[in-house]
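Below, chains carry the letters A, B, ... as their sequence lines are ordered, and counting in each starts from 1.
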Protein chains: 2
Amino acid sequence: MNTTSSIAHLLKAQGLRDTQPRRMVMQALIHIQSPASPYDIQKWITAQENTINTVTVYRVLEVFESLGLVHRHPSSGLYFPCSIPEIKGHHGFLHCTKCHLVEEFHNPELCVIENAIAKKAGFKAKNHLSEIVGVCKGCVL
Amino acid sequence: MNTTSSIAHLLKAQGLRDTQPRRMVMQALIHIQSPASPYDIQKWITAQENTINTVTVYRVLEVFESLGLVHRHPSSGLYFPCSIPEIKGHHGFLHCTKCHLVEEFHNPELCVIENAIAKKAGFKAKNHLSEIVGVCKGCVL
DNA sequence: TTGCAATTGTAATACTATTGCATTAATATA
DNA sequence: TATATTAATGCAATAGTATTACAATTGCAA
């Protein structure tokens, strides 16, 4: 879990500052629960009687992503907190089209196969992305 | 390969019309070679002394995608012709960050594993997407 | 050839994202 | 605790991406 203080430490460790806007964005992400756009995040913060600039939200998310605190869901551009400790090079997402839940997964076998595919095609792979689109447990019922 | 006439047939088979704009968009996709945005496509068509409306390009691409004639590369939103006969439910892309080549692949093992992951998580999977980001053969040199 | 429905064009608009520069505020240090 | 430094934010302008409603056109079947 990303507590407020652990984030502060993480930022400091990188020579980055623990600021009001960064705390607000993380709060928003944690509370919104589902993947959110920068504008969604801004809206949430505004609803809490605070203000934050759109550009700042974009920039904060960029920093968070580089620190492995959040993911950007590639096909939608929505952000959500990283639940699995960052595993370099591979991201797996289960995406529910009904409730927009996004769950992470990590599967080493997948990495092995994908590396093999890349090698066969003469590609030097930097990272992989797997997305499984469907309907989650709760929404199937 | 998607010849002009085969596309005409494909459209007709779906009760769709074989129109000028649809032919132009397909021509553009074939000639541009690399994944292209709707605006790129419009630009190419304009360069051939023709005209097409932006909205039309979007709509044509939507139709083509639903027919399995083109892919929309999810993280970039760029379109490119489908080279592998449509395999329902799974798309695999090798994406070169240098030359922006996008190559398709299909790997049944990957499907098996992804189905297993979905099942384990209680997901009812509709389709899968795998993307391997890296540098292609030609660009590594 | 004609009529109809599918398709396209037009115009307006909403949403998404980025840049340069001025201002503010977090932190280290005294 | 005050202050200097500079990272971070805010602001304003702008570019790019995407969608909608409705009018005009065009492909195609009869």
Side-chain angles (χ1 to χ4, degrees), chain A residues 4-5 7-29 32 35-46 48-67 69-80 100, chain B residues 4-5 7-28 32 35-46 48-67 69-70 72-80 100:
Chain A
T4 306
S5 66
I7 291 166
H9 288 142
L10 223 153
L11 289 167
K12 297 244 176 91
Q14 305 293 318
L16 299 171
R17 292 178 182 177
D18 175 29
T19 67
Q20 193 79 43
R22 285 177 181 159
R23 281 196 292 266
M24 294 193 296
V25 169
M26 185 48 77
Q27 283 301 309
L29 283 164
I32 293 174
S37 73
Y39 284 87
D40 292 335
I41 290 164
Q42 185 183 35
K43 208 178 296 170
W44 188 90
I45 290 169
T46 304
Q48 315 303 308
E49 320 271 298
N50 284 305
T51 61
I52 191 169
N53 192 276
T54 313
V55 182
T56 303
V57 178
Y58 275 92
R59 292 190 279 221
V60 168
L61 290 169
E62 203 181 331
V63 170
F64 283 178
E65 200 189 8
S66 75
L67 296 179
L69 291 172
V70 304
H71 286 302
R72 182 181 195 270
H73 183 239
S75 39
S76 65
L78 303 181
Y79 291 83
F80 61 100
H100 299 291
Chain B
T4 307
S5 66
I7 290 166
H9 288 142
L10 223 154
L11 289 166
K12 297 245 175 91
Q14 305 292 318
L16 299 170
R17 291 178 180 174
D18 175 31
T19 67
Q20 193 79 43
R22 284 176 181 160
R23 282 195 291 267
M24 293 194 297
V25 169
M26 186 49 77
Q27 283 302 310
I32 292 174
S37 73
Y39 284 87
D40 291 335
I41 291 165
Q42 184 183 37
K43 208 177 296 171
W44 188 90
I45 291 170
T46 304
Q48 314 304 308
E49 320 268 300
N50 283 306
T51 60
I52 190 168
N53 191 277
T54 313
V55 182
T56 303
V57 179
Y58 275 92
R59 292 191 280 223
V60 168
L61 290 170
E62 202 182 332
V63 170
F64 282 179
E65 199 188 8
S66 74
L67 296 179
L69 291 172
V70 305
R72 181 181 196 271
H73 183 238
S75 38
S76 66
L78 303 181
Y79 291 84
F80 61 101
H100 299 290

Original post:
How long is the line joining NZ of Lys12(A) and C1' of dA8(D), in whole Å?
Top reply: 15 Å

**OP:** Return the nearest nucleotide to the side chain of Arg59(A); candidates are dC11(D), dT8(C), dC28(D).
**Re:** dC11(D)

Original post:
Quick one: on DNA chain C, does Ile52(B) or Thr54(A) contact a more 5' nucleotide (nearest heavy atom)?
Top reply: Ile52(B)

Original post:
Distance from Trp44(B) atom CH2 to Asn50(B) atom CG, nearest 0.5 Å?
Top reply: 8.5 Å

**OP:** Classify the side chain of Arg22(B) versus the base of dG27(D) as yes if they form a donor-acceptor pair under 3.5 Å and no if they do not.
**Re:** no

**OP:** Report the nucleotide, chosen from dG9(C), dT9(D), dA17(C), that has the shortest atom-to-atom distance to any side-chain atom of Tyr39(A).
**Re:** dA17(C)

Original post:
Counting N and O atoms only, with roles assigned by atom type, does the side chain of Gln42(B) sit under 3.5 Å from a partner on the main chain of Ile52(B), one being a donor and the other an acceptor?
Top reply: yes

Original post:
Do Arg17(B) and dA5(C) share a donor-acceptor pair, side chain to base, under 3.5 Å?
Top reply: yes

**OP:** Would you give the length of the straight line joining atom CZ of Arg72(B) to atom OH of Tyr79(B), rounded to the nearest 0.5 angstrom?
**Re:** 4.5 Å

Original post:
Given dA18(D), dA12(D), dT19(D), which nucleotide is nearest the side-chain atoms of Val55(B)?
Top reply: dT19(D)

Original post:
For the pair made of CD in Gln14(B) and C1' in dA6(C), what is the distance, rounded to whole Å?
Top reply: 15 Å

Original post:
Are any of Thr19(A)'s side-chain N or O atoms less than 4.0 Å away from OP1 or OP2 of dT9(D)?
Top reply: yes

Original post:
dG27(D) C1' sits how many Å from Arg23(B) CZ, rounded?
Top reply: 10 Å

**OP:** Sort out for me which residue in Thr56(B), Val60(B), Ile7(B) forms a side-chain contact (heavy atoms from CB on, under 4.5 Å) with Arg22(B).
**Re:** Val60(B)

**OP:** Could you check Met24(A) against Gln20(B) and say which one's nearest nucleotide on DNA chain D is further toward the 5' end?
**Re:** Met24(A)

Subject >> Gap between atoms CG and C1', on Leu11(B) and dT26(D) respectively (whole Å) >> reply: 15 Å

Original post:
Within this structure, what is the NE2-to-P distance between His9(A) and dT27(C), rounded to whole angstrom?
Top reply: 11 Å

**OP:** Round to the nearest Å and state the distance from Ile41(A) atom CD1 to dC15(C) atom P.
**Re:** 16 Å

Subject >> Distance, rounded to the nearest Å, where Tyr58(A) contributes OH and dC15(C) contributes C1' >> reply: 8 Å

Original post:
Which one, dT7(C), dT16(C), dT8(C), comes nearest to the side chain of Val60(B)?
Top reply: dT8(C)

Original post:
Between CG of Asp40(B) and CD1 of Ile45(B), what distance do you get to the nearest 0.5 Å?
Top reply: 11.0 Å

**OP:** Nearest whole angstrom, please: distance from the P of dA17(C) to the CD of Glu65(A).
**Re:** 12 Å

